[in-house]
Amino acid sequence: IRHTGGYTTRYSSLSEDLAVKTGDTVTLGQPIGCVGDTALVETAMGTHVHFGVTYQDTPMDPNEFLNMN
């Protein structure tokens with residue numbers, strides 16, 4: 001998801017049935033998908049989501065992004 005200010009968030013390993021598609025506008029609190037198990041090499045870890053953040057294409061600690069407010 002592209003956010004204002006140069007931030008991008010990425011949610012990996014979601015189920016294949018997403019609630020949004022490329023180009024949709026997403027609002028705060030809107031569901032984008034469900035936790036899935038689409039990463040076959042990680043099935044032993046159980047169902048989970050990978051969450052990543054970049055700022056101007058540079059990876060950053062997701063905790064810093066989440067604690068900005």
Ignoring hydrogens, what is the shortest heavy-atom contact between His50 and Ser13? Give both atom names and the distance. CD2-OG, 3.6 Å

Roughly how far apart are Leu14 CG and Thr47 OG1, rounded to 0.5 Å? 11.5 Å

Check the surroundings of atom CG in Asp57: do more than 12 heavy atoms from other residues, nucleotides or ligands lie under 6.0 Å from it? no

Exceeds 12 heavy-atom contacts within 6.0 angstrom, atom CD of Gln30: yes

Decide yes or no for Met68 and Tyr7: does some side-chain heavy atom of the first lie under 4.5 Å from some side-chain heavy atom of the second? yes

Check the pair Ile32 / Leu18 against side chain to side chain contact (heavy atoms under 4.5 Å, CB included), numbers first and verdict last. CA-CA 6 Å; Ile32 59 170; Leu18 297 174; over 6 Å; no

Is the backbone of Asn63 close enough, under 3.5 Å, to the side chain of Asn67 for a donor and an acceptor to pair up by distance? yes

So, do Ile1 and Tyr11 sit near enough that their side-chain heavy atoms are less than 4.5 Å apart? yes

Side-chain heavy atoms of Tyr55 within contact of Thr8, under 4.5 Å: no

Closest heavy-atom contact between Pro31 and Ala19? O-CB, 3.6 Å

Just how far is it from atom OG1 of Thr9 to atom CE of Met60, taken to the nearest 0.5 Å? 11.0 Å

Whether over 12 other heavy atoms sit under 6.0 Å from Asp61 CG: yes

Between atom CZ of Arg2 and atom OG1 of Thr54, what is the distance when rounded to the nearest 0.5 Å? 10.0 Å

Does some side-chain heavy atom of Glu64 sit less than 4.5 Å from a side-chain heavy atom of Pro62? no

